[in-house]
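Contents: one structure, followed by commentary.
Every chain is numbered from 1 and lettered A, B, ... according to where its sequence line falls, protein lines coming before strand lines.
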Amino acid sequence: MGHNLSPRERVLNQLMGKPVDRPPCYNGMGNVTTAGIDQLGYRFAELHEDAAKMAAAAATSYKLFGYECAVVPFDFCVEAEALGCTMNTYEDVNHLLYPTIKEKAIHGQPDPAAIAIPEDLVKRGRVPVVAEAIRLLKADIGAEVAIGSYLLGPITLLGQMMDLDKLFRLCFKEPDLVNSILDKLTQVTVTLARHYREAGVDYVCIREMGATTDVLSPKIFRKVIMPHLHKIFAAIDYPAILHICGGTNTVVDQMAGAGASAIAVEKKNDVVKTRETIGSEPLVFGNLDTYDLLVNKKPEDVQQAVLESLDSGVDAVWSGCDIWPTASIENLKAMVDTVRQYGAEKWRRQRG
Amino acid sequence: MVTNSAEQEVLNELRDGVINYDEDSVREAAKKALDLNIAAKQAIFDGLIPGMVEVGRLYEEQEYFVPEILMGADALYAGLDILKPHIEDEDMSIKGTVIMGVVQGDVHDIGKNIVKMMFSVAGFEVHDLGRDVPLEKFVEEQLRTDSEMLCLSAMMTTTMVGMQEIIKKVKDKNPQCKIMIGGAPVSEDLAEKWGADGFAKDADNALKEAIKMIESLRHL
């Protein structure tokens with residue numbers, strides 16, 4: 001490595017299998033902070049529908065604590081909204097809440113034939129807002145840091161569109177029906193991944209958080225989740241990471257075989273065991289606790305957790321899920337600084 | 001209660017029907033129980049509930065997952081629909097009042113619904129506030145009903161933090177109210193830090209906590 005890598009080079013080189021000087025410190029989920037939003041004089045609820053505010057807020061994590069990426073959006077409703085669901089941004093609530101779907105698009109027994117993916121999907125809902133925010137971010141800090149976005153995996157998206165308890169029963173009782181719907185939703189993930197790429201993202205994180213083994217069995221994972229993930233990663237021609245939260249040790253071999261550039265896990269995944277299962281080759285990102293550690297604990301605790309994470313065998317220090325916005329800047333700086341200072345030395349891959 | 005072998009067989013059928021999430025066989029066994037003059041309460045507590053306890057155990061062992069729990073609950077409800085109208089009046093006394101709901105920002109209510117089912121079966125009066133419930137609503141309802149217990153659920157890290165404010169407000173105004181919190185991201189440490197009386201880590205533990213409460217009630 002003839003010159004100092006920029007954060008962007010570090011992130012992308014690693015995702016593309018090229019050598020890097022140390023593990024990067026970034027994520028593919030929400031990482032905007034209350035400190036960043038306050039500094040701009042914004043409220044969290046007003047960021048979701050305004051591309052300029054979204055981009056400005058997303059850039060603060062790099063500017064305030066040296067995070068090596070910028071990620072939009074900040075919620076999980078973009079795709080479901082584009083497919084006809086209604087979002088609640090909790091405009092009137094004083095404390096910070098992530099938007100949720102208040103009106104589902106599918107009622108009763110879902111009919112695959114009745115689910116149509118709109119031709120003009122990329123013009124629907126807030127897809128244009130996110131795409132514009134990506135363009136603005138790219139122009140602002142895109143030369144230095146990696147610009148990322150995330151999309152829901154098909155089963156998580158279907159969970160936004162219909163009642164979850166019904167969906168879970170169907171996964172068990174009528175897997176073929178569920179699969180035929182997920183087949184269609186796979187197109188949504190792929191179409192938006194391509195659209196965001198055109199807008200300028202460097203990488204995309206596919207979040208299949210509805211597929212955690214806290215909820216569904218490894219058998220259903222194989223039958224109902226994996227076929228669609230395979231298709232998605234085969235169809236995306238730029239770095240794409242698979243993230244699943246919750247306990248994932250029993251499906252991590254399947255995750256590693258999905259065709260993603262890397263897999264990302266949370267603290268419930270025992271990375272040492274993961275390495276025993278999938279070996280040293282696949283890139284594994286993770287697995288910092290996003291609330292109890294980053295919000296409640298002190299910088300020295302964060303440093304220790306980062307070192308433990310590296311020692312367990314992660315290749316990039318990621319938060320296990322969206323960073324809770326009230327995390328202190330001191331803690332987040334401690335996270336980034338620890339990776340900078342000790343990353344090369346503690347990186348298991350480098351140590352052989 | 002003395003049980004003869006025919007009765008025991010029916011109780012086993014109720015139990016196994018729940019474990020195998022077989023609604024039809026539970027319905028059949030429930031009718032048989034009534035034909036054999038087994039007390040409805042006994043059929044529920046010695047048949048259906050042990051079945052659900054086993055479902056909880058299988059979930060803990062990672063043999064079962066959420067779909068199996070939901071279908072086990074469906075089977076339990078199928079039996080309850082038949083047995084409940086036959087419960088003797090003196091068995092219907094209300095054990096206590098519970099308010100439960102999923103905190104605002106969170107629309108995941110499966111865990112809460114399972115806990116609710118167990119409390120209802122145990123004879124609690126349950127005020128279910130549903131999901132995505134504003135913080136003030138919990139406080140208002142607790143004060144209005146003077147419930148003995150308040151159960152809060154959150155399935156996402158992003159929403160659980162609202163719990164601490166609810167706990168504080170309720171405890172300030174009514175320190176006797178017992179508060180149990182649960183949901184995937186919640187930990188025992190957080191429960192203690194936020195001043196909750198009880199904690200259930202996830203659907204599995206919520207189920208076990210609820211079962212423990214039911215079982216202790218049976219000895220009252």
Whatever's closer than 4.5 Å to a heavy atom in chain B on A:Thr100 counts as side chain

So, the part of A:Ile101 with a heavy atom under 4.5 Å from chain B: the answer is backbone

Output the distance between atom CG (B:Asp132) and atom CG (A:Asn88), rounded to the nearest 0.5 Å.
6.0 Å

Between B:Glu165, B:Met71, B:Lys193, which residue shows the highest count of heavy-atom pairs closer than 4.5 Å to chain A?
B:Met71

Take atom NZ in B:Lys137; do more than 12 heavy atoms of anything else shown fall under 6.0 Å from it?
no

Count the heavy-atom pairs under 4.5 Å between each of B:Leu190, B:Asp189, B:Val161 and chain A, then report the option with the highest count.
B:Val161

Separation of B:Glu68 CD from A:Leu216 CG (nearest 0.5 Å):
8.5 Å

I need the minimum non-hydrogen distance between B:His108 and A:Leu164, along with the two atoms involved.
CD2-CD1, 3.3 Å

For chain B, which candidate among A:Asn296, A:Val215, A:Leu97 shows the most heavy-atom pairs at distances under 4.5 Å?
A:Val215

Output for pair (A:Asp163 CG, B:Ile110 CD1), nearest 0.5 Å, gives 8.5 Å

Got a sec: does the CD of B:Glu192 have more than 12 other heavy atoms crowding it under 6.0 Å?
no

Should we say atom CD of B:Glu188 is surrounded by more than 12 heavy atoms from elsewhere, each under 6.0 Å from it?
no

Where on B:Glu63 is there a heavy atom nearer than 4.5 Å to chain A: the side chain, the backbone, both, or neither?
neither

Which atoms of A:Thr250 are under 4.5 Å from chain B, going by heavy atoms: the side chain, the backbone, both sets, or neither?
side chain

Examine whether an atom of A:Lys102 lies under 4.5 Å from a heavy atom of chain B, and if so say whether it belongs to the side chain, the backbone or both; otherwise answer neither.
neither

Which portion of B:Tyr64 sits near chain A, non-hydrogen atoms under 4.5 angstrom
neither

One should read off an interatomic distance between B:Thr159 OG1 and A:Trp324 CH2, to the nearest 0.5 angstrom, of 7.5 Å

Taken to the nearest 0.5 Å, the spacing of A:Phe168 CZ from B:Phe65 CZ works out to 12.5 Å

Measuring heavy-atom distances to chain B, does A:Asp292 have an atom under 4.5 Å in its side chain, in its backbone, in both, or in neither?
side chain

Counting only heavy atoms closer than 4.5 Å, note whether A:Val295 contacts chain B via side chain, backbone, both or neither.
neither

State whether the number of non-hydrogen atoms from other residues, nucleotides or ligands found under 6.0 Å of A:Glu91 atom CD is greater than 12.
yes

The reported gap from CG in A:Asp165 to CG in B:Asp109 (rounded to nearest 0.5 angstrom) is 6.5 Å

